[in-house]
Amino acid sequence: MIAEQEKKLFEAILCIESVDECKRFFDDLCTPSELEEFSSRWLIARLLKEKKPYRQIASETGVSTTTVGRVARYLRHGSDGYNVILGRLDKRK
């Protein structure tokens with residue numbers, strides 16, 4: 001079950017209507033390093049979906065292969081969040 005405060009955060013995120021609003025919300029919500037980490041993980045997920053090798057992803061992004069492996073594990077065995085959104089973005093293309 002989602003904790004009440006997490007639920008309220010997710011509901012707030014669902015109210016976002018544009019990329020600009022989203023950026024402004026996350027700029028206020030997160031530190032620059034948190035945003036960088038989120039962005040990096042999202043990039044890793046996209047590169048993994050393109051079937052790029054772990055070492056190539058690590059080299060291109062500057063993260064460790066451990067981080068690449070962690071994202072890969074969530075792609076395969078997580079809550080399916082990455083895959084749902086990646087699928088939706090593919091449909092938009």
Quick one: pull up NZ in K49 and CD1 in I44 and give me the separation to the nearest 0.5 Å. 15.0 Å
Exercise: identify the closest heavy-atom pair between L75 and A45: CD1-O, 3.9 Å
E21 side chain vs E17 backbone, donor-acceptor pair below 3.5 Å: yes
Over all atoms of both residues, closest heavy-atom pair of S64 and A58: C-CB, 4.2 Å
Say whether Y54 and L86 are linked into one hydrophobic cluster, either directly or through other cluster members, by side-chain heavy-atom distances under 4.5 angstrom. yes
If hydrophobic clusters are built from ILVMFWY residues whose side chains come within less than 4.5 Å, do I16 and I85 share one? no
How long is the gap from CG on L29 to CD1 on I13, to the nearest 0.5 Å? 7.0 Å
What is the distance from atom CD of Q56 to atom CG of L47, rounded to the nearest 0.5 Å? 8.0 Å
CG on L35 to NZ on K23, rounded to 0.5 Å: 7.5 Å
With side chains defined as the heavy atoms from C-beta onward, is the minimum distance between T67 and T61 less than 4.5 Å? no
Verify same cluster id: L89, F38 (apolar side-chain graph, 4.5 Å): no
Give, for atom CZ of F25 and atom SG of C30, the distance between the pair rounded to the nearest 0.5 Å. 8.0 Å
Please report the C-alpha distance between T66 and R70 in whole Å, then the side-chain angles of each, then the deciding distance to 0.1 Å, and finally whether the side chain to side chain contact (heavy atoms under 4.5 Å, CB included) criterion is met. CA-CA 6 Å; T66 302; R70 186 177 308 118; 3.8 Å; yes
Would you mind reporting whether V68 and R55 have side-chain heavy atoms less than 4.5 Å apart? no
Treat each ILVMFWY residue as a node, draw an edge where side-chain heavy atoms are under 4.5 Å apart, and state whether Y82 and V84 are in one component. yes
Salt-bridge present (E4, K8; N to O < 4.0 Å): yes
Do W42 and V71 have side chains that approach each other closer than 4.5 Å (heavy atoms only, starting at C-beta)? no
D20 with R24: basic N within carboxylate O range, under 4.0 Å: yes
About how many Å separate OG1 of T31 and CD of E37, when rounded to the nearest 0.5 Å? 10.0 Å
Could you tell me whether E60 atom CD has more than 12 heavy atoms of other residues or ligands within 6.0 Å of it? yes
